[in-house]
Amino acid sequence: MVSMIGACLGSFLAGLAFVLQDHDQWKEFTSMLVLIGVLVNLSAFGMGAAIPSVIMAEILPLNIRGSAGSLATFTNFFISWIVSYVFNFLLEWSPSGTFFILASFSGLAILFVAMMVPETKGRTLEEIEASILI
């Protein structure tokens with residue numbers, strides 16, 4: 001969640017900088033604000049990039065771990081490819097809108113993790129499975 005909060009904040013700062021630039025406000029600081037926003041986004045996202053793989057290894061039962069892990073990894077890379085492919089088109093459409101969309105998806109990820117991802121610290125696989133099925 002910390003990683004997604006940072007990614008959300010970084011994207012929001014970059015989007016805000018483009019809005020300020022469009023309205024001719026803080027012209028001398030907007031380029032620095034975009035740089036800070038993108039760096040915060042990339043560092044925060046990079047901190048949590050391996051977490052989905054760790055969670056998959058902890059919550060998936062042994063009999064489907066290989067297949068489900070492969071499917072989840074494929075889905076992750078496919079969505080990353082879509083985001084990379086569409087990013088330039090979105091940036092041409094609206095620089096601020098692009099970063100606000102990214103911030104929105106990061107915000108949705110925060111909600112998803114808070115509501116759906118079980119806590120696994122100090123619990124056995126059987127306890128985790130029981131909490132998911134209930």
Side-chain angles (χ1 to χ4, degrees):
M1 281 181 45
V2 171
S3 172
M4 283 295 101
I5 290 170
C8 184
L9 176 67
S11 295
F12 182 79
L13 285 176
L16 180 65
F18 281 112
V19 167
L20 291 172
Q21 185 179 26
D22 288 344
H23 293 296
D24 290 330
Q25 303 213 352
W26 284 13
K27 274 243 186 230
E28 58 275 356
F29 297 112
T30 54
S31 59
M32 185 64 75
L33 193 57
V34 168
L35 178 65
I36 290 170
V38 168
L39 289 177
V40 166
N41 183 332
L42 289 175
S43 352
F45 190 79
M47 275 189 325
I51 299 297
S53 300
V54 172
I55 290 176
M56 280 189 306
E58 290 181 350
I59 67 172
L60 293 175
L62 288 174
N63 59 340
I64 65 164
R65 191 173 290 169
S67 306
S70 298
L71 179 63
T73 302
F74 170 76
T75 304
N76 184 21
F77 282 120
F78 184 69
I79 297 297
S80 296
W81 176 79
I82 289 173
V83 170
S84 299
Y85 183 77
V86 172
F87 184 79
N88 283 331
F89 298 116
L90 287 174
L91 208 55
E92 287 178 14
W93 164 68
S94 170
S96 59
T98 301
F99 286 101
F100 287 139
I101 289 171
L102 292 175
S104 299
F105 276 111
S106 296
L108 290 173
I110 294 166
L111 292 174
F112 176 80
V113 169
M115 295 165 68
M116 300 298 291
V117 177
E119 178 58 53
T120 59
K121 185 176 181 180
R123 296 173 67 192
T124 65
L125 183 58
E126 290 77 22
E127 292 171 339
I128 295 168
E129 284 181 29
S131 69
I132 291 173
L133 296 175
I134 294 177

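Keep in mind that this is a model prediction, so the values were computed, not measured.
We find the CG-OG distance between L91 and S96 to be 10.0 Å, quoted to the nearest 0.5 Å. A distance of 8.5 Å separates CZ in F18 from CG in D22, rounded to the nearest 0.5 Å. Of the inter-residue distances, the one linking L33 atom CG with W26 atom CH2 reads 7.5 Å to the nearest 0.5 angstrom. Of the inter-residue distances, the one linking N76 atom CG with M56 atom CE reads 7.5 Å to the nearest 0.5 angstrom. With values rounded to the nearest 0.5 angstrom, L111 atom CG is found 8.5 Å from M1 atom CE. To the nearest 0.5 Å, the span separating SG on C8 from CD1 on I110 amounts to 5.0 Å.
Contact between W93 and I101 at its shortest, heavy atoms only, is CZ3-CD1, 3.9 Å. Shortest non-hydrogen contact noted between K27 and Q21 is NZ-O, 4.0 Å. Contact between A17 and V34 at its shortest, heavy atoms only, is CB-CG2, 3.4 Å. Looking at every heavy atom in both residues, G48 comes nearest to P52 through O-CD, 3.5 Å.
Atom CZ of F100 has more than 12 heavy atoms from other residues, nucleotides or ligands within 6.0 Å. The neighbour count for F29 CZ, taken as heavy atoms of other residues, nucleotides or ligands under 6.0 Å away, does not exceed 12. Atom CE of M47 has more than 12 heavy atoms from other residues, nucleotides or ligands within 6.0 Å.
The side-chain heavy atoms of L102 and F99, taken from C-beta on, include a pair separated by under 4.5 Å.
L20 and L13 fall within a single hydrophobic cluster, where Ile, Leu, Val, Met, Phe, Trp and Tyr side chains are chained together by heavy-atom contacts under 4.5 Å. Follow the hydrophobic side-chain contacts under 4.5 Å out from F77 and you never reach F45; the two are in separate clusters. Connection of I51 to V113 is established within a shared hydrophobic cluster, with ILVMFWY side chains joined at heavy-atom distances below 4.5 Å, either directly or through further cluster members. In the hydrophobic clustering of this structure, M115 groups with F112; members are Ile, Leu, Val, Met, Phe, Trp, Tyr whose side-chain heavy atoms approach within less than 4.5 Å, directly or through other members. Residues F105 and Y85 share a hydrophobic cluster, clusters being chains of Ile/Leu/Val/Met/Phe/Trp/Tyr side chains in contact below 4.5 Å.
Between L39 and the options I36, N41, L35, a side-chain contact (heavy atoms from CB on, under 4.5 Å) holds for only L35.
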